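The structure appears below as structure tokens.
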Amino acid sequence: MNTTQNLCKTLLQNPSSVKSKSQAKQLHAQILRTSLPSPSLLSTILSIYSNLNLLHDSLLIFNSLPSPPTTLAWKSIIRCYTSHGLFLHSLSFFIQMLASGKYPDHNVFPSVLKSCTLMKDLRFGESVHGCIIRLGMGFDLYTCNALMNMYSKFWSLEEVNTYKKVFDEGKTSDVYSKKEKESYYLGSLRKVFEMMPKRDIVSWNTVISGNAQNGMHEDALMMVREMGNADLRPDSFTLSSVLPIFAEYVNLLKGKEIHGYAIRNGYDADVFIGSSLIDMYAKCTRVDDSCRVFYMLPQHDGISWNSIIAGCVQNGMFDEGLKFFQQMLIAKIKPNHVSFSSIMPACAHLTTLHLGKQLHGYIIRSRFDGNVFIASALVDMYAKCGNIRTARWIFDKMELYDMVSWTAMIMGYALHGHAYDAISLFKRMEVEGVKPNYVAFMAVLTACSHAGLVDEAWKYFNSMTQDYRIIPGLEHYAAVADLLGRVGRLEEAYEFISDMHIEPTGSVWSTLLAACRVHKNIELAEKVSKKLFTVDPQNIGAYVLLSNIYSAAGRWKDARKLRIAMRDKGMKKKPACSWIEIKNKVHAFVAGDKSHPYYDRINEALKVLLEQMEREGYVLDTTEVLHDVEEEQKRYLLCSHSERLAITFGIISTPAGTTIRVTKNLRVCVDCHTATKFISKIVGREIVVRDNSRFHHFKDGKCSCGDFW
DNA sequence: TTAGGGTTAG
């Protein structure tokens, strides 16, 4: 026997020692050269190919084997199919193996169970479990781990709700309720775990992550402690199962403890732990720490990029989120469906329509437009960027609606003042069997509020508790209080807020204070302010509002007193800012802004417009000027409000007929609202202004809000 | 055989 034959023999006795494709091929060639290989020898080569995950080569051998194939050949080909994601083939070969009279052994079941799990084939998975028990494999470590993994995944599947009880009590008609289903799979998982004669770290991690992902947080954490008693120390898998729990509970202290443990045990460079830490810090509003973890990672995969992007966006750091998204593209990491649904809200909040449209194009090219998360985010983005028709168009094209997609569209209508569209959609959602949640009620109440529909609002407010058992929160109270205030039922609004079952916050009282300003009720305004300053002494908006109410009434002394108090407390008013997108560039303006390179041209255009407007009957409402200054100065101050600068800049920078879209960070002022109506008529343009609470569509001298905002 | 990220509001 020569040395080559010796080497072949050693390798064949130790198939797992073959580590490369070329080595396997050489071995295969040697065997074919020297003799007519036996089926068992060929099966060994097949198992080597299968170990190396070479499906094509494995299949060539499998098909050339004399029938029936050996057990080794069957299990090699089944494993190879599973690891290639060809689950149906894997299961079909498993059935053929049983049919050929071969008994599967402990090496086959993990692959078969994985296929059942990933195909979400519950029935098949359970019958495989039966087979495992009958063949006495119910105590095998790997098989049990795979079984537990299967039950933990089935446990979190929504589709399982419709699983029929065919096995129990001979019933075939009943359907498992969610609770029954959960306890069934939880029971199966625990039973397997408890029956195991020996458990390794994978067993513990599987049962921990199963509990963690299905909301059994306390149980998961308890098992981490029990695992310690069994002399097993948490590894990177354990940590990344546990970190999301502390993220959800916003438990920074525990999250940091885990971070410390990860550092001490050398897991902090693990990209899985890294993205869990980024997410945990972000959910605890510590985005700086998220960034630090991100930069400390030796490498970034798609998920760690997505985590940092989502972390920024969810904390209102939209520009930073966009920057990370850009860097991700530069790093040649292809964004996936999660990246798009995470970044889209940044465009929605910043009203950067051009960016949103670019992303939409990218989404269509990547074929992600059918994803319900992305479609909902697109609906929201188009609605928030003023394009309600496109939002509806996308909504209508969706094949599947969930709670969020309905709510995004309803809220879109609410923001645009289309209350009846919002209400009819809300009704359709109920008819289609989607139960409205907390946010959906916020949306429909906001719609009622912006359109002054008091009766409808009461109906929905009562339906929340009576029909859906949702306890109204601050936002629902605020919407109703806001509505009552808008329609001038100020005393009723005051009573309503005073009777709330939770402590009203400053923001709830603020809505009423704003209404007092519109309806010029100083007496109530003072009463409301007193309440407001007690619960929220640092509320800058309230000081400004009250001071404005005094100014509008000519009580300059009181107004000044308040402003001095603000100054003494170191409080600074948020400056009003408006912005407009021209040729894919955002131009921002603050009141009296002279910094823009086109300032002179804007000012000139403003003067011309003002003359035309006054000829049409426009009278400057100087009561809105909140400073005690000369009349001429007041005129100047009014005309240089940020929204007017942005609108005028839009008019002189775009071709005739183009719609002007402006966003403002605060509520649009009464005089600017009147002025914009005149401007829309004079220049023959549609002007869309988004302020901090809604959209105003100005056209032909009218506004979509019907002067009610 | 085990793990991490997403849409509506505030």
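Throughout, protein chains are lettered first and strands after them, A, B, ... in sequence-line order, and every chain is numbered starting at 1. All values reported here derive from a predicted model rather than from experimental measurement.
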Residue A:Val439, side-chain atoms from C-beta onward, closest of B:dT2, B:dT8, B:dT7: B:dT8
Minimum-distance nucleotide (side-chain atoms of A:Phe272 versus B:dG4, B:dT1, B:dT8): B:dG4
Selected nucleotide, minimal atom distance to A:Ser236 side chain, candidates B:dT8, B:dA3, B:dT1: B:dA3
Sugar-phosphate, base or nothing in reach of A:Ala146, heavy atoms under 4.0 Å: nothing
Audit row: A:Arg190, A:Asp219, salt bridge (Lys or Arg N to Asp or Glu O under 4.0 Å) steps and yes/no: CA-CA 11 Å; A:Arg190 295 225 166 126; A:Asp219 296 51; 2.8 Å; yes
Shortest side-chain distance from A:Phe373, nucleotide among B:dT2, B:dA3, B:dG6: B:dG6
Touch class at under 4.0 angstrom, heavy-atom based, for A:Ser275 against every strand present: base
Candidates B:dG10, B:dG4, B:dA9 - which lies nearest the side chain of A:Met411: B:dA9
Enumerate donor-acceptor pairs with a distance under 3.5 Å from any side-chain N or O in residues 307-327 of chain A to protein atoms, sequence neighbours excluded.
{"unit_1": "A:Ser307", "atom_1": "OG", "unit_2": "A:Ile303", "atom_2": "O", "d": "2.8"}
{"unit_1": "A:Asn315", "atom_1": "ND2", "unit_2": "A:Ala282", "atom_2": "O", "d": "3.1"}
{"unit_1": "A:Asn315", "atom_1": "ND2", "unit_2": "A:Gly311", "atom_2": "O", "d": "2.8"}

Distance-only donor-acceptor test (3.5 Å): side chain A:Ser341, base B:dT7: no
Which nucleotide in B:dT2, B:dG6, B:dG4 has an atom nearest any side-chain atom of A:Val202: B:dT2
Distance in angstrom units between A:Tyr438 OH and B:dA9 C1', rounded: 9 Å
B:dG6 base / A:Asn371 side chain donor-acceptor hit below 3.5 Å: yes
Any N/O donor-acceptor pair, A:Asn336 side-chain to B:dG6 base, under 3.5 Å: no
Given B:dG10, B:dG6, B:dT8, the nucleotide with the shortest approach to the side chain of A:His337: B:dG6
Proximity to the side chain of A:Val404 - top-ranked nucleotide from B:dT7, B:dG4, B:dG6: B:dT7
Distance, rounded to the nearest Å, where A:Ile245 contributes CD1 and B:dA3 contributes C1': 12 Å
Nearest-neighbour nucleotide for the A:Thr407 side chain, B:dG6, B:dT8, B:dG4 considered: B:dT8
Would you mind writing out the side-chain donor-acceptor pairs for residues 77-87 of chain A within the sub-3.5 Å range, not counting sequence neighbours?
{"unit_1": "A:Arg79", "atom_1": "NE", "unit_2": "A:Ser50", "atom_2": "OG", "d": "3.3"}
{"unit_1": "A:Arg79", "atom_1": "NH2", "unit_2": "A:Ser50", "atom_2": "OG", "d": "3.1"}
{"unit_1": "A:Arg79", "atom_1": "NH2", "unit_2": "A:Asn51", "atom_2": "OD1", "d": "3.0"}
{"unit_1": "A:Thr82", "atom_1": "OG1", "unit_2": "A:Ile78", "atom_2": "O", "d": "3.1"}
{"unit_1": "A:Thr82", "atom_1": "OG1", "unit_2": "A:Ser90", "atom_2": "OG", "d": "3.0"}
{"unit_1": "A:Thr82", "atom_1": "OG1", "unit_2": "A:Ser111", "atom_2": "O", "d": "3.4"}
{"unit_1": "A:Thr82", "atom_1": "OG1", "unit_2": "A:Ser115", "atom_2": "OG", "d": "3.0"}
{"unit_1": "A:Ser83", "atom_1": "OG", "unit_2": "A:Asn53", "atom_2": "OD1", "d": "2.7"}
{"unit_1": "A:Ser83", "atom_1": "OG", "unit_2": "A:Arg79", "atom_2": "O", "d": "3.3"}
{"unit_1": "A:Ser83", "atom_1": "OG", "unit_2": "A:Cys80", "atom_2": "O", "d": "3.3"}
{"unit_1": "A:His84", "atom_1": "ND1", "unit_2": "A:Asn53", "atom_2": "OD1", "d": "3.4"}
{"unit_1": "A:His84", "atom_1": "ND1", "unit_2": "A:Cys80", "atom_2": "O", "d": "3.2"}

Listed nucleotide nearest any side-chain atom of A:Ser376, set B:dG4, B:dT7, B:dA3: B:dT7
